[in-house]
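Take a look at the structure below.
Count residues from 1 along the sequence.
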Amino acid sequence: VDENKTEAIEYWNRAIGLGHTEAEYHLCHAYADSEVSTYNPIKALPHCEKAKLIYLGMEEKDEDDKTILKQINNYLTSLKRESGNH
């Protein structure tokens, strides 16, 4: 199957509406990663902020969750620096 970022974003948005919390992280990554075509810092910020709250709220975090949280924090730092909000 060919990669289709636009379709993936549509599905992640639907998943959020259905309560799938991990989709917030996927949208954060899709919009905050400046290396991909879907990069959009304005859209990234709210998804990254929500994803951070979700991952901080997890009672038990495995190593993957900790890695994701670190990546979210890096994205937020970069996004805030870019927008001038330190």
Hey, what do you get for [atom1] ([X]) to [atom2] ([Y]), rounding to the nearest 0.5 Å?
{"X": "I72", "Y": "T67", "atom1": "CD1", "atom2": "OG1", "result": "11.0 Å"}
{"X": "E3", "Y": "S37", "atom1": "CD", "atom2": "OG", "result": "8.0 Å"}
{"X": "S34", "Y": "E82", "atom1": "OG", "atom2": "CD", "result": "8.0 Å"}
{"X": "L56", "Y": "N73", "atom1": "CG", "atom2": "CG", "result": "7.0 Å"}
{"X": "L18", "Y": "R14", "atom1": "CG", "atom2": "CZ", "result": "9.5 Å"}
{"X": "H47", "Y": "I16", "atom1": "NE2", "atom2": "CD1", "result": "5.5 Å"}

| request: Start with the C-alpha gap between I54 and Y25, add the side-chain angles, then the distance that decides, and say whether side-chain contact (heavy atoms from CB on, under 4.5 Å) holds. | output: CA-CA 9 Å; I54 289 165; Y25 162 70; over 6 Å; no
| request: Considering only NZ, NE, NH1 and NH2 on the basic side and carboxylate oxygens on the acidic side, decide whether K66 and E63 come within less than 4.0 Å. | output: yes
| message | Looking at E7 and K5, is any side-chain nitrogen of the basic one under 4.0 Å from a carboxylate oxygen of the acidic one? | response |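 E7 and K5: not salt-bridged.
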| query | If every non-hydrogen atom of C48 is compared with every non-hydrogen atom of A32, which pair is closest and at what distance? | reply | SG-CB, 4.0 Å
| message | On a heavy-atom basis, which atom in A30 and which in V36 lie closest, and how many Å separate them? | response |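 Taking A30 first and V36 second, the nearest heavy atoms are O-CG2, 3.5 Å.
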| field | Verdict with supporting geometry, L45 and L76, side-chain contact (heavy atoms from CB on, under 4.5 Å) | value | CA-CA 7 Å; L45 192 57; L76 285 168; 3.6 Å; yes
Does [X] use its side chain to pair, donor to acceptor, with the backbone of [Y] at less than 3.5 Å?
{"X": "S78", "Y": "N74", "answer": "no"}
{"X": "D65", "Y": "D62", "answer": "yes"}
{"X": "N13", "Y": "I9", "answer": "yes"}

| said: Looking at Y39, I'd like to know if its OH atom is crowded, meaning that more than 12 non-hydrogen atoms belonging to other residues, nucleotides or ligands lie closer than 6.0 Å. | reply: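 Check passes, neighbour count above 12.
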| Min side-chain heavy-atom separation Y31-P41 under 4.5 Å |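 No. Closest side-chain heavy atoms not under 4.5 Å.
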| Hey, what's the ring geometry for H26 with W12, parallel, tilted or perpendicular (30° and 60° as the breaks)? |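 Geometry flag for W12 against H26: parallel rings.
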| said: Among K70, K50, E22, E24, which residue satisfies the side-chain contact (heavy atoms from CB on, under 4.5 Å) criterion with Y55? | reply: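 The side-chain contact (heavy atoms from CB on, under 4.5 Å) with Y55 is passed solely by E22 among K70, K50, E22, E24.
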